[in-house]
Amino acid sequence: MHDEPLLEVRNLTVNLLTAKSAVRPVDGVSYSVRQGECLAIVGESGSGKTVMNFAPLGLMPTGVTTMLSGSVKLEGRELIGLPEAEIQKLRGKSVGFIFQDPMSALNPVRRIGRQIAEMAELHLDVTPRAAEARALELVKLVGISDPVARLRQYPHELSGGLRQRIVIAIALAGEPKLLIADEPTTALDVTVQAQILRLLKDVQRRLNMAMVLITHDMGVVAGAADNIVVMYAARAAECGPVDKVLVSPRHPYTQGLINAIPRREDPIGSEFRGLPGIPPTLGAPIKGCALAPRCELAVPACSNSRPPLVRSDDSAVLVACPVVNQGKAAA
Amino acid sequence: MIHFISKRLKHSLVLLFMASLVCFTLVVSAPGNVAVLIAELRGAVATPGYVEQVAEEIGLHKPLLMRYVDWLGDAVRGDFGISYRTGTNVSADLANRMFVTGTLIAGSAVIATLISLALGFLGAFWPYKLPDRVSRGLALLGASTPTFFVGALMIYAFSVTFQLLPSFGFNGPKSWILPWLTVAVLPAAVLSRVVRVGLEEAMTSPFVLTAKSKGLGRTAILFREALPNITPLFINALGTQVGLMTATAIIVEPLFAWQGLGDYFLAGVRFRDFMVVQACLLIFLTFFIVVNLIVDLAVLLTDPRIRRQWS
Ligand SMILES: Nc1ncnc2c1ncn2[C@@H]1O[C@H](COP(=O)(O)OP(=O)(O)OP(=O)(O)O)[C@@H](O)[C@H]1O
Ligand code: SF4
Ligand SMILES: [Mg+2]
């Protein structure tokens, strides 16, 4: 069954209940990732990218009640409805995670070597000594110089880039099949961002893992991903192969995103070309298209019913906008 | 690191010096003529001539600075002079009494640590559930019950009703248990909250999400990730509580008829025996300063971030 995706998400909806609020940060989203593939998920801050990937694996902060519906299959196994004890076994072992802020992702009072070796002990069933050796291997793999000394250090003794390499080493330690990287370069210096991205891409290819790469950065998408899902207000607006979506974006929101990327020929100080307006709040589910108030192409019908994500004129690209889809079809 | 330690040692020495000034001032400004007190103590009729002779002997006529230097020199060598009341050498009494109070504080500190860790973990493991509520209730009770009352309850329960443990005296471990428990109740209550709140806060840190993403379970995260993070905080709070135990000893030692420093100090105050009060006070203050020094060094050992600041 080589054709079966490693991760297959169908119609995933996430409701979050806290003492103060109820929100639906993910509303009927579908996508899939195959072994060896990299899927980019882009979208504005608050569009639900993190929740969508973390909630099904039980990684929500305490104090939030998470309600999931739809289907999330990892290697054919349904995660929704699986008891937490079973999901815990998958974390680290089948899925490795990389976080946005390497400054706070590591425990400040534990040695780096321990924080990596612990993973090997937990998932690879090896002796503590072998786990230490594995930690050393991993630190070398993620391209850290003077690895022996690094293992004995504490997180605050390392730079942000080095710490993110350590976080990557931890994520790789359990030999997972899927890597979920949540804005892995956002918190880093610009010069370091490219290095970390190259490293991620490199290990993903070498270890033939699947990777979900959450990002704001279209440059990152172009350089690293095979496929892309564009999120807007808890829903997928468009998805398809990166080379197609970036070159000829169809959905008005995707067009806006790509249009907003500064170009070289822009005069210095020229106006920012973002979409006008602000994204909606996620309190109540939106009846029509979430983009309607900000969309230039909007017609009255847009506010009536939610546009489904369907094949566009290119069958590899799915777009949730009837106006665009019909326009193309008619043309 | 060496820099930190030497700086911290200097700091402690300055504090010790200030403590000695306080103690010296206390005796100098004591009401009544010391020479008369001593003369009477020696059983002689306090004729002006004899009083004058005593004053000469103990150096009352020397300038204040000289007297301070003399006194400090003696104190450093462990000579705290003669008790006005009993005429015995204060230092001879001190050795025994320091052992008694040391036993009290050391045992209570260990018990308070164990109880507070147990209660705090119980609460952090089942937050807002029954174990947490019980632990919180016990902490509230322990922190709001006066120590002498706790002691009386202990005696009533364990000595009078069940006759399990002796209610007084310092005769081996069995007789130590009730005083230990009595002194430990308040610090255990306070520290259990430090543990509980510290753990809860640590459990909301971003690195706990990382730990969870590694596949660690809640117990492992509490012990491996959260506990090392609250250790410096706990050591600090424990240090404060151990320092305060000297004050509790003053209440608890007489209650159990222990002849420790607290009991000695209380008697000294009651009979205006300033040499005794002064010696006890100096020991208490020194203890405070040393405990704080140890706390700072221990925090340095348990928190690599602070270690780095000073390296
Ligand atoms: N712990 C939480 N408690 C309550 N609501 C939450 C929580 N986490 C997320 N949300 C809600 O879910 C929405 C989506 O959050 P999410 O973190 O997935 O966005 P994101 O797309 O990852 O944004 P960013 O790019 O800023 O990381 C938020 O707008 C917020 O309303
Ligand atoms: S459905 Fe309507 S509002 Fe939504 S993107 Fe398409 S045109 Fe714009
Ligand atoms: Mg996010």
So for A/P108, is it side chain, backbone, both, or neither that comes closer than 4.5 Å to the heavy atoms of chain B?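 For A/P108, the contact with chain B is made by backbone and side chain together.
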Any heavy-atom pair between the side chains of B/V290 and B/I294 that's under 4.5 Å?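 Yes, their side chains come closer than 4.5 Å.
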Pairing residues for B/F223 by the ring pair (Phe, Tyr, Trp, His ring centres under 6.0 Å) criterion, not counting sequence neighbours: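 Ring pair (Phe, Tyr, Trp, His ring centres under 6.0 Å) list for B/F223, sorted by chain: B/F121.
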Applying ring pair (Phe, Tyr, Trp, His ring centres under 6.0 Å), name anything that partners A/Y31, two or more places apart in sequence or on another chain.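 With neighbours one apart ignored, the set is empty.
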How about the chain A/chain B donor-acceptor pairs under 3.5 Å, what are they, with distances?
residue, atom, partner, partner atom, Å
A/G58, O, B/K212, NZ, 2.9
A/Q88, NE2, B/G215, O, 3.1
A/R91, NE, B/K212, O, 3.0
A/G92, N, B/S213, O, 3.1
A/S104, O, B/F207, N, 3.3
A/A105, O, B/T210, OG1, 2.6
A/N107, OD1, B/N229, ND2, 2.7
A/N107, ND2, B/E225, O, 3.1
A/N107, ND2, B/E225, OE1, 2.8
A/R110, NE, B/R224, O, 3.4
A/R110, NH1, B/E225, OE2, 2.6
A/Q115, O, B/K214, NZ, 2.7
A/E118, OE1, B/K214, NZ, 2.8
A/E118, OE2, B/R224, NH1, 2.8
A/H123, NE2, B/K214, O, 2.5
A/H156, NE2, B/P304, O, 3.3

Select, from A/L59, A/I98, A/L57, the one with the greatest count of heavy-atom pairs under 4.5 Å involving chain B. A/L59
Let's test your reading of the structure: which of A/I180, A/L90, A/V167, A/L106 forms the most heavy-atom pairs below 4.5 Å with chain B?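 Ranked by contacts with chain B, first place is A/L106.
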Main chain of [Y], side chain of [X]: is a donor-acceptor contact present, judged purely on distance under 3.5 Å?
| X | Y | value |
| --- | --- | --- |
| A/E8 | A/K73 | no |
| A/K201 | A/A224 | yes |
| A/E78 | A/I80 | yes |

Tell me the ring-ring contact (aromatic ring centres under 6.0 Å, His included) pairs involving residues 281-303 of chain B, sequence neighbours left out?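 Residue pairs with at least one partner in residues 281-303 of chain B: B/F265-B/F284.
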